[in-house]
Structures are given as C-alpha cells and as structure tokens.
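Note that the structure is predicted; figures quoted are calculated from it, not measured. FYI, side chains are in, hydrogens and waters are out, and symmetry mates aren't considered; it's all heavy atoms of this structure. Residues take their numbers from the sequence shown, with the count starting at 1.
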Amino acid sequence: MHSVMKFPQALCVADYLNRKGLDLDDTIVVDKADLMQDTWSPMLKRFECKTTFSFAELLELSLGQSDNNASYHNLNIIPTFHLTAQRIA
C-alpha cells in the first residue's frame with residue numbers, strides 16, 4: 001500500500017466511524033491468518049492468533065508506522081476505498 005494513500009484513507013475511516021456512531025475506542029478482532037506476512041507490518045509482532053485492536057490503534061499503525069496490514073485491514077473492514085478514491089480525485 002502506498003503511504004500517500006494512508007492519510008486520505010484515515011480521514012474516510014474517521015468519517016465512516018462518525019456517521020455510524022462508532023468510537024475510535026471501539027474494537028475489532030483481527031486474525032493473523034488474514035494478514036500479509038511479506039509486507040512492512042509492525043502489527044505482526046503483536047500476534048499469537050487473533051488480536052483485538054481499536055480503530056484508533058489501527059489508524060495509528062497505518063499513519064504513524066506506515067503499517068500496510070493495518071491500512072489494508074481498514075480498507076476491508078470499513079468500506080472506504082471508493083470514498084477515498086473520490087476524495088483524492
């Protein structure tokens with residue numbers, strides 16, 4: 001995932017959470033089996049099998065550490081890809 005895409009994606013994630021009445025502290029379960037092993041991803045160090053992440057943690061990993069899995073997970077869990085593309089254009 002290109003890092004230039006991560007900031008607009010984070011804006012769309014925050015907007016989506018706000019519109020759905022969700023909080024950055026709300027959590028989701030991430031399964032290590034669903035993550036790419038061959039990419040830059042500091043979040044992989046935190047895993048055994050399944051780990052709970054808050055939306056804030058995923059955004060911090062994506063923006064602060066340029067974690068590709070966190071960014072990819074945001075795209076899959078939160079339907080923002082088309083919104084991100086529209087806002088960049």
Side-chain angles (χ1 to χ4, degrees):
M1 170 78 50
H2 297 289
S3 293
V4 297
M5 186 75 167
K6 292 174 182 167
F7 181 71
Q9 179 195 61
L11 293 176
C12 289
V13 169
D15 179 61
Y16 176 83
L17 294 175
N18 184 52
R19 286 187 290 110
K20 295 296 182 182
L22 297 170
D23 191 71
L24 287 173
D25 292 329
D26 289 338
T27 60
I28 55 174
V29 176
V30 178
D31 191 333
K32 187 173 185 175
D34 295 333
L35 301 179
M36 297 175 285
Q37 303 295 313
D38 60 346
T39 190
W40 173 252
S41 184
M43 73 187 285
L44 285 173
K45 296 175 187 172
R46 298 168 73 173
F47 273 88
E48 293 296 325
C49 183
K50 292 183 180 181
T51 302
T52 301
F53 288 93
S54 70
F55 290 110
E57 288 174 302
L58 287 175
L59 289 173
E60 189 280 324
L61 284 163
S62 178
L63 292 171
Q65 299 184 37
S66 197
D67 191 299
N68 291 328
N69 275 312
S71 183
Y72 183 75
H73 199 71
N74 285 335
L75 284 176
N76 287 318
I77 295 299
I78 302 171
T80 61
F81 183 71
H82 67 283
L83 295 174
T84 302
Q86 287 173 354
R87 290 184 180 162
I88 289 175

Novice: Can you name the residues that form a salt bridge (Lys or Arg N to Asp or Glu O under 4.0 Å) with E57, not counting sequence neighbours?
Specialist: R46
Novice: Looking only at non-hydrogen atoms, find the nearest pair between M43 and A70 and report the distance.
Specialist: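 Shortest heavy-atom contact: SD-N, 3.4 Å.
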Novice: Show me the donor-acceptor pairs, under 3.5 Å and distance only, between side chains in residues 58-65 and residues at least two apart or in other chains.
Specialist:
none

Novice: Could you list the residues that satisfy side-chain contact (heavy atoms from CB on, under 4.5 Å) with K20, not counting sequence neighbours?
Specialist: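 For K20, the residues satisfying side-chain contact (heavy atoms from CB on, under 4.5 Å) (neighbours in sequence not counted) are Y16, L22.
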Novice: Under 3.5 Å, sequence neighbours excluded: what are the donor-acceptor pairs made by side chains of residues 24-37?
Specialist:
from : atom 1 : to  : atom 2 : distance (Å)
D26  : OD2    : D23 : N      : 2.8
D31  : OD1    : A33 : N      : 3.0
Q37  : NE2    : L35 : O      : 3.4

Novice: Which residues satisfy the side chain to side chain donor-acceptor pair (under 3.5 Å) test with S41, sequence neighbours excluded?
Specialist: D67, N69
